[in-house]
Colleague: 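A single structure is presented below for examination.
So that the names make sense, note that chain A is the first sequence line, chain B the second, and so on, each numbered from 1.
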Number of protein chains: 2
Amino acid sequence: MAESTANQAARKGRRGSAGLNTKRGRALSELESFTLGLVWQLGPCSPYEVRRHMRASPSSQWSGSAGAIYPLMRRLEKRKLLESKPARTGKRARREYGITAGGLAALRQWIGPPLPEEAVTVTYDPLRSRARFLGAATPAQRRQWIGEAEEALERIAEMVEKWQASFGGGDEFLRLVTRNGELETEARRRWLMEVAERLG
Amino acid sequence: MAESTANQAARKGRRGSAGLNTKRGRALSELESFTLGLVWQLGPCSPYEVRRHMRASPSSQWSGSAGAIYPLMRRLEKRKLLESKPARTGKRARREYGITAGGLAALRQWIGPPLPEEAVTVTYDPLRSRARFLGAATPAQRRQWIGEAEEALERIAEMVEKWQASFGGGDEFLRLVTRNGELETEARRRWLMEVAERLG
DNA sequence: TAAGGCATGTAAGACGTTACATGATTAC
DNA sequence: GTAATCATGTAACGTCTTACATGCCTTA
């Protein structure tokens, strides 16, 4: 859309709109911002702890791969959104990161308002994406697919529950996050039942 | 998780598990697979048409940027999942891509079963991610945030409706996709109401 | 005291975005 | 006929994944 306008206008428009670019450097990615939030939430912590939290999440969005997190936190430090000092556990060296005042400001800005355009979207749901093309599958494959999807949603519900048990006690917003997961999973299940009815 | 096992085991494990790697080349990305699906659905078409459909989607997942789509379809052709021939509209040259038998097989494999692990996840919802850290915001910011999020969900509902009007007539699965969007948006709205109550 | 997982990283590469370029076509 | 937009790309860049490397530390 932005692209379909004249090039010159687009360039000006992009830079001008939505405050995507902060004064210094480009806008933070979702992963960078989320990491910032985790450091705020956990207090001073090592990249490994951040990774553990991500991997415990029911969302595969946050893979918490080392190759992403270590350089990312270094980047955030270079931008003075995090600060770090060396620490150790026994003989093992760690680096402990804490959030700075600027980091907190950046976190608040990311949360919004304003919400960036990309946040005004339906969620990304890999089951929905696949269902769109079920017409390309054989009837047998469709039935099996629905069965698998039901199982998947059951496992997801369990993951949400487990996450709630482990981390939901943090603050009231963490509890609301779980609640979102519950309501959403319920909605997806009802949807899948409708799909099964239509095809059954 | 996979990473936390011994390295050698991890390597074998990754390659062995879930059929992520096809005999030739690596697994298709979500975008590649989705593109394959669109070409199947639209019939022979140009990259530009694919992009138009993506940009019309209520999901910002599918940005449909030129720099992604043109090389991507070329890649799929190199792997014989698409085939193309030059065509023209008036004086303007186009390249028209159709799906091959191998492409259809790859599409079916992507749809599953089996569903890959990454598909067994809560959806990615930028509003939920942000809500998690509302504790870092001031009470005033929180109230404003909720207001903005409500507006966002309203706009999303409209987008889903509009999409349904334009494309929902295609086949029954497209209709189910819209239905998913409706149910999900409804769930998110109810969730947001709970959030407002808790904080209000 | 050896095995295995814990914890901390780095290097190379793939993928997608942003920005740019350019000719064809349409609207006025 | 000229300005805007359509349509088709390409190039550079940043981010994240995958794969690898390497010491610590626990436990049997």
Side-chain angles (χ1 to χ4, degrees), chain A residues 1-15 17 20-21 25-35 45-52 54-55 60-76 84 86-97 118, chain B residues 1-15 17 20-21 25-35 45-52 54-55 60-76 84 86-97 118:
Chain A
M1 254 155 189
E3 184 184 355
S4 63
T5 61
N7 287 332
Q8 301 83 346
R11 243 178 305 154
K12 285 175 66 177
R14 282 225 191 91
R15 296 216 160 268
S17 77
L20 284 180
N21 298 304
R26 58 181 53 222
L28 297 175
S29 70
E30 290 286 301
L31 181 58
E32 285 171 331
S33 305
F34 192 78
T35 300
C45 59
S46 67
Y48 190 76
E49 288 175 83
V50 168
R51 296 179 58 211
R52 270 213 328 246
M54 286 183 182
R55 280 183 290 157
S60 59
Q61 170 81 5
W62 315 117
S63 75
S65 73
I69 302 304
Y70 285 96
L72 183 155
M73 291 180 76
R74 213 73 73 68
R75 278 200 308 274
L76 292 181
S84 78
R88 41 184 59 257
T89 320
K91 256 186 187 171
R92 176 175 292 159
R94 293 184 304 133
R95 185 158 281 275
E96 199 156 79
Y97 289 83
E118 322 91 67
Chain B
M1 256 157 189
E3 183 185 356
S4 64
T5 62
N7 286 332
Q8 300 84 345
R11 244 179 303 155
K12 285 178 66 177
R14 283 225 190 90
R15 297 216 160 267
S17 77
L20 284 178
N21 298 305
R26 57 181 57 225
L28 298 175
S29 70
E30 291 286 301
L31 181 58
E32 285 170 331
S33 305
F34 191 79
T35 301
C45 60
S46 68
Y48 191 75
E49 287 175 82
V50 168
R51 295 179 59 211
R52 269 216 324 247
M54 286 182 181
R55 280 184 289 156
S60 59
Q61 171 81 5
W62 315 118
S63 76
S65 72
I69 301 305
Y70 285 97
L72 183 153
M73 292 180 75
R74 215 72 75 68
R75 276 199 309 274
L76 292 181
S84 79
R88 44 184 57 260
T89 318
K91 257 186 187 169
R92 175 177 292 160
R94 294 185 305 132
R95 185 156 282 273
E96 200 157 77
Y97 289 81
E118 321 90 68

Colleague: Applying the side-chain contact (heavy atoms from CB on, under 4.5 Å) criterion to Pro86(A), which one of Arg95(A), Arg94(A), Glu96(A) satisfies it?
Modeller: Arg95(A)

Colleague: Provide, to the nearest angstrom, the distance between the CD1 atom belonging to Ile69(A) and the C1' atom belonging to dT15(D).
Modeller: 11 Å

Colleague: Kindly give the heavy-atom pair with the smallest separation between Ala66(B) and Pro71(B), and that separation in Å.
Modeller: O-CD, 3.7 Å

Colleague: Whole angstroms only, please: what is the CZ-P distance between Arg51(B) and dT18(C)?
Modeller: 12 Å

Colleague: Spell out protein contact along nucleotides 10-16 of chain C as letters: B when the base is contacted, S when just the sugar-phosphate is, - when no protein heavy atom is under 4.0 Å; keep the 5' to 3' order.
Modeller: BB---SS

Colleague: Do Tyr70(B) and Arg51(B) have side chains that approach each other closer than 4.5 Å (heavy atoms only, starting at C-beta)?
Modeller: yes

Colleague: Take N1-N3 plus N6-O4 or O6-N4 for Watson-Crick, N1-O2 plus O6-N3 for G-U, both under 3.5 Å. Which runs of 3 or more such pairs involve DNA chain C?
Modeller: C:1-28 with D:1-28

Colleague: Measure OH/Tyr48(B) against C1'/dG23(C) and give the value in whole Å, please.
Modeller: 14 Å

Colleague: In this structure, how many angstroms lie between the C1' atom of dC6(D) and the CZ atom of Arg94(B), rounded?
Modeller: 13 Å

Colleague: Might you list the N or O atoms of the protein lying below 3.5 Å from N or O atoms in nucleotides 25-28 of chain C, with each pair's distance?
Modeller:
{"from": "dT25(C)", "atom 1": "OP1", "to": "Thr89(B)", "atom 2": "O", "distance (Å)": "3.1"}
{"from": "dT25(C)", "atom 1": "OP1", "to": "Lys91(B)", "atom 2": "N", "distance (Å)": "2.6"}
{"from": "dT25(C)", "atom 1": "OP1", "to": "Arg92(B)", "atom 2": "N", "distance (Å)": "3.3"}

Colleague: Give the rounded distance in Å between these two atoms: CD of Glu96(A) and C1' of dG9(C).
Modeller: 17 Å

Colleague: To the nearest 0.5 angstrom, please state how far the CE atom of Met54(A) sits from the OG atom of Ser60(A).
Modeller: 13.0 Å

Colleague: Under the 3.5 angstrom rule, does the side chain of Thr89(B) hit a backbone N or O of Arg92(B) as a donor-acceptor pair?
Modeller: no

Colleague: Under the side-chain contact (heavy atoms from CB on, under 4.5 Å) test against Trp62(A), which residue among Thr35(A), Leu31(A), Ile69(A), Val50(A) passes?
Modeller: Leu31(A)

Colleague: Is there a side-chain contact between Glu49(A) and Ser46(A) (heavy atoms, below 4.5 Å)?
Modeller: yes

Colleague: Passes side chain to side chain contact (heavy atoms under 4.5 Å, CB included), Gln61(A) versus Phe34(A)? Steps please.
Modeller: CA-CA 11 Å; Gln61(A) 170 81 5; Phe34(A) 192 78; over 6 Å; no

Colleague: Are Tyr97(A) and Pro47(A) packed together at the side-chain level, in the sense that at least one heavy-atom pair is separated by less than 4.5 angstrom?
Modeller: yes

Colleague: Starting from P on dC16(D), measure out to CD on Glu118(B) and report it in whole angstrom.
Modeller: 17 Å

Colleague: Whole angstroms only, please: what is the CG-P distance between Leu76(A) and dC16(D)?
Modeller: 10 Å

Colleague: For Tyr97(A) and dT8(C), what is the distance between atoms OH and C1' respectively, to the nearest whole Å?
Modeller: 11 Å

